[in-house]
Amino acid sequence: MKTFGSSIYQRLVIIIPYAWLLIFFLAPFLIVFRISLSTKALSVPPYDPAFSWSDSLSDWWDKLQSMSFDNYTWLAGDPLYFNAYLQSLKIAGISTILTLIIAYPIAYGMAQAPRSIRPTLLMLVILPFWTSFLIRVYSWMAILSTTGLLNQLLMALGIIHQPLVILNTNTAVYIGMVYSYLPFMVLPLYSSLEKMDGTLIEAAQDLGCTPIGAFWRVTFPLSIPGVIAGCMLVFIPAVGEFVIPDLLGGSETLMIGKVLWNEFYGNTDWPLASAVATILLLVLVVPIVFFQHVQAKADERGR
């Protein structure tokens, strides 16, 4: 028979995550969505709210019937925002693939290393987080500039005779993205690979599999949950990234994070910027739902 204390504990375990999502996700989203339905105005804050928290229920109903989606209509008719979304998805997707290609061998090597040095290797992966993210991005500006360390090294070795133009290009953005988000890919991959039973590889090789065949038939399929988790952890924040494209990218690097900043602080158009953020959130919900669907299927197979 369950005790009263255990019953309360089980309810708290369920309630706390939902309360967290309500306070830190749903409530801010509703605030941003409310601003997106407002109109720009010369005031503080710089918009005329479509809904007021002090309105009565009848006022809310009247305003709901006359609700305008002009900001969303404007976004649909302006190719700038559509191209910014596509460019953001493209850069985030390529960055995620490059990060996965680099992170998988690192995570695999960590999982195969002796247990005594695995904590040290794990600490080395986490070590960049001890330094400010902004400082690390600024350091890449010093490395990738025409007079930076990379060009000086290549010219000193005689590999090139003129400095390479890397900074203020999409190439610099990809480098910054991969470097910044690499730990987010390595950690879930390492978690999946470290738990894998090594006897499965030995059994596959005993049955005639080559080492490469055993990897693709056994190791990689078992690490797919880590691959999916790592890709989500990299792709979702990379889509809305602002600092890296602003500091390392050029004028042709059009990402939705830069557009958001320009609308909020350049044009002071909070309603339009909120509409951009709302659509971005809805776009990112798709991979999140996909990830949850895959995780649910994996749990069912595990049972």
Side-chain angles (χ1 to χ4, degrees), residues 17-18 20-38 40 47 50 67-100 133 170 173-174 176-178 180-182 184-185 188 224-225 227-246 248-249 252-267 269-297:
Y18 282 101
W20 178 275
L21 290 175
L22 177 64
I23 297 172
F24 296 103
F25 176 76
L26 184 60
F29 171 74
L30 292 177
I31 293 172
V32 172
F33 182 68
R34 169 177 169 267
I35 297 175
S36 71
L37 300 176
S38 306
K40 185 179 178 181
Y47 64 89
M67 188 169 51
S68 174
F69 291 91
D70 290 343
N71 292 316
Y72 295 94
T73 305
W74 174 266
L75 292 180
D78 194 332
L80 171 67
Y81 302 100
F82 181 74
N83 292 333
Y85 283 117
L86 288 183
Q87 187 77 351
S88 298
L89 292 173
K90 173 188 171 185
I91 292 177
I94 295 176
S95 299
T96 302
I97 294 172
L98 293 175
T99 307
L100 175 61
F133 174 75
N170 283 350
V173 175
Y174 291 133
M177 290 278 199
V178 172
S180 300
Y181 292 109
L182 187 64
F184 293 99
M185 184 71 77
I224 285 179
V227 172
I228 296 175
C231 289
M232 293 297 102
L233 288 174
V234 173
F235 179 80
I236 291 174
V239 172
E241 180 61 53
F242 165 71
V243 174
I244 295 174
D246 186 58
L248 300 182
E252 296 181 357
T253 306
L254 181 64
M255 292 190 69
I256 204 63
K258 294 177 68 176
V259 174
L260 270 172
W261 183 91
N262 186 59
E263 293 296 343
F264 265 115
Y265 299 102
N267 300 334
D269 194 342
W270 286 24
L272 186 61
S274 298
V276 173
T278 301
I279 293 177
L280 176 61
L281 181 61
L282 294 177
V283 169
L284 293 179
V285 163
V286 175
I288 295 175
V289 172
F290 172 75
F291 172 67
Q292 291 180 339
H293 178 69
V294 172
Q295 285 291 98
K297 281 192 171 182

query: Could you go step by step and tell me if Asn83 and Gln87 meet the side chain to side chain donor-acceptor pair (under 3.5 Å) rule?
result: CA-CA 6 Å; Asn83 292 333; Gln87 187 77 351; over 6 Å; no
field: Check: Leu272 main-chain N/O paired with Lys40 side-chain donor or acceptor under 3.5 Å
entry: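 A pair under 3.5 Å: no.
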Contact summary for [X] and [Y], nearest pair of heavy atoms:
X: Ser38; Y: Asn71; result: O-ND2, 3.1 Å
X: Thr253; Y: Pro245; result: CG2-CB, 3.9 Å
X: Ile279; Y: Leu75; result: CD1-CD1, 3.5 Å
X: Ala277; Y: Leu260; result: N-CD2, 3.8 Å
X: Ser274; Y: Val32; result: CB-O, 3.3 Å
X: Val234; Y: Phe184; result: CG2-CB, 4.2 Å

query: Aromatic rings Phe29 and Phe33: how do their planes relate, parallel, tilted or perpendicular, breaks at 30° and 60°?
result: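 Parallel, since the angle between the ring planes stays under 30°.
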task: Give me the ring orientation class for Phe242 and Trp261: parallel if the planes are under 30° apart, tilted from 30 to 60°, perpendicular past 60°.
output: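 Phe242 vs Trp261 ring planes: parallel.
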Side chains of [X] and [Y]: closer than 4.5 Å at any heavy-atom pair?
X: Asp269; Y: Phe264; result: no
X: Phe133; Y: Ile244; result: yes
X: Leu37; Y: Pro271; result: no
X: Glu241; Y: Tyr181; result: yes
X: Tyr18; Y: Leu22; result: no

message: Under the criterion side chain to side chain contact (heavy atoms under 4.5 Å, CB included), I'd like the reasoning laid out for Leu21 against Leu26: C-alpha separation, chi angles, the key distance, then a yes or no.
response: CA-CA 6 Å; Leu21 290 175; Leu26 184 60; over 6 Å; no
message: Val259 vs Ile256, test: side chain to side chain contact (heavy atoms under 4.5 Å, CB included). Steps then yes/no.
response: CA-CA 5 Å; Val259 174; Ile256 204 63; 4.3 Å; yes
[atom1]/[X] to [atom2]/[Y] distance, rounded to the nearest 0.5 angstrom?
X: Trp74; Y: Asp70; atom1: CH2; atom2: CG; value: 11.0 Å
X: Phe235; Y: Met185; atom1: CZ; atom2: CE; value: 11.5 Å
X: Leu281; Y: Ile236; atom1: CG; atom2: CD1; value: 10.0 Å
X: Thr73; Y: Asp78; atom1: OG1; atom2: CG; value: 12.5 Å

message: Under the criterion side chain to side chain contact (heavy atoms under 4.5 Å, CB included), I'd like the reasoning laid out for Phe25 against Trp20: C-alpha separation, chi angles, the key distance, then a yes or no.
response: CA-CA 8 Å; Phe25 176 76; Trp20 178 275; over 6 Å; no
message: If we check side chain to side chain contact (heavy atoms under 4.5 Å, CB included) with Tyr85, which of these qualifies: Val239, Val276, Leu80?
response: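 Of the listed options, the one satisfying the test is Val276.
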Show the atom names and distances, to 0.1 Å, of all donor-acceptor pairs under 3.5 Å that link a side chain in residues 89-100 to residues at least two apart or in another chain.
from  : atom 1 : to    : atom 2 : distance (Å)
Ser95 : OG     : Ile91 : O      : 2.7
Thr96 : OG1    : Ala92 : O      : 2.7
Thr99 : OG1    : Ser95 : O      : 2.6

